Amino acid sequence: EVQLVESGGGSVQAGGSLRLSCKASAYTNCMGWFRQAPGKEREGVAFIRRTTAGTTFYADSVKGRFTISQDLGEATVYLEMNSLKPEDTAMYYCAAGKIANYAYYSAYADPLKYPYWGQGTRVTVSS
């Protein structure tokens, strides 16, 4: 069983920045972030393979604004969110799992592939 502990999140104005962190209790080969706004499905945001290369994958809606990174030694993944928009408002969830080495974002964005989840952290962006 892998425990995921998230931190960060909060409320900012549009154009602002936030940083989320997720620390894992054990290794899995992939971690990422999903988000879910009220009345909407859970959406994959960004994913990173837990290797020294740290290959990353992003949803089109966040490319160029969000950056996922990792500290392998600390078993922690970060999501740096810049140029935030009101439509980024959601609960953000860290997820981890053993994921095959896919080469495209959509393969990582299926929440059913991830058995381990954090408790969620709220991000609110006001206009």
Side-chain angles (χ1 to χ4, degrees):
E1 184 76 17
V2 177
Q3 308 292 328
L4 301 176
V5 179
E6 300 157 347
S7 59
S11 297
V12 295
Q13 290 192 324
S17 299
L18 285 172
R19 189 194 201 203
L20 307 182
S21 299
C22 177
K23 186 173 179 62
S25 63
Y27 176 82
T28 58
N29 69 357
C30 183
M31 290 179 67
W33 294 91
F34 288 79
R35 65 186 180 186
Q36 189 164 18
K40 295 189 176 182
E41 292 187 354
R42 193 163 292 195
E43 173 193 23
V45 176
F47 304 91
I48 188 166
R49 296 204 64 86
R50 305 285 308 285
T51 63
T52 52
T55 307
T56 57
F57 303 86
Y58 295 92
D60 286 344
S61 59
V62 306
K63 277 181 183 176
R65 301 188 299 122
F66 290 13
T67 302
I68 188 169
S69 61
Q70 64 181 344
D71 183 329
L72 284 172
E74 293 295 323
T76 301
V77 171
Y78 306 95
L79 185 67
E80 187 75 35
M81 304 184 292
N82 298 315
S83 301
L84 282 161
K85 304 175 181 180
E87 51 264 44
D88 295 317
T89 296
M91 282 292 287
Y92 283 70
Y93 297 92
C94 179
K98 183 180 179 181
I99 310 297
N101 194 12
Y102 299 109
Y104 44 94
Y105 155 80
S106 59
Y108 293 89
D110 179 2
L112 296 177
K113 287 187 166 73
Y114 297 85
Y116 309 113
W117 291 85
Q119 76 282 5
T121 184
R122 186 171 300 280
V123 171
T124 303
V125 184
S126 58
S127 57

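Not measured: the values here are computed from a predicted model.
A donor-acceptor pair under 3.5 Å links the side-chain atoms of Thr121 to the main chain of Gly8, judged by distance alone. In terms of modelled atom types and a separation under 3.5 Å, the side chain of Arg49 and the main chain of Ile99 share a donor-acceptor contact. Judged by distance alone, with hydrogens and angles left aside, the side-chain atoms of Glu6 form a donor-acceptor pair with the main-chain N or O of Gly120 at under 3.5 Å.
In this structure, the ring of Tyr114 has its center less than 6.0 angstrom from the ring center of Phe47.
Cluster membership check: Tyr108 does not share its hydrophobic cluster with Val45, using side-chain heavy-atom separations under 4.5 Å among Ile, Leu, Val, Met, Phe, Trp and Tyr. Under the 4.5 Å side-chain heavy-atom criterion for ILVMFWY residues, a single connected hydrophobic cluster contains both Leu18 and Leu79. Hydrophobic clustering keeps Tyr93 apart from Tyr78 (ILVMFWY residues linked when any side-chain heavy atoms are closer than 4.5 Å, directly or through intermediates). Hydrophobic clustering places Leu20 together with Val2 (ILVMFWY residues linked when any side-chain heavy atoms are closer than 4.5 Å, directly or through intermediates).
Between Lys85 and Asp88 there is no salt bridge, since no side-chain nitrogen of the basic residue lies less than 4.0 Å from a carboxylate oxygen of the acidic one.
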Residues Arg65, Tyr58; criterion side-chain contact (heavy atoms from CB on, under 4.5 Å); working and verdict: CA-CA 10 Å; Arg65 301 188 299 122; Tyr58 295 92; over 6 Å; no

Step-by-step side-chain contact (heavy atoms from CB on, under 4.5 Å) determination, Trp117 to Arg42: CA-CA 13 Å; Trp117 291 85; Arg42 193 163 292 195; 3.3 Å; yes

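Nearest heavy atom pair, residue Pro115 against residue Gly97, reads CD-CA, 3.8 Å.
Side chains of Tyr102 and Lys113 form a contact here, defined as non-hydrogen atoms less than 4.5 Å apart.
Other residues, nucleotides and ligands contribute only 12 or fewer heavy atoms inside 6.0 Å of the CD atom of Gln13.
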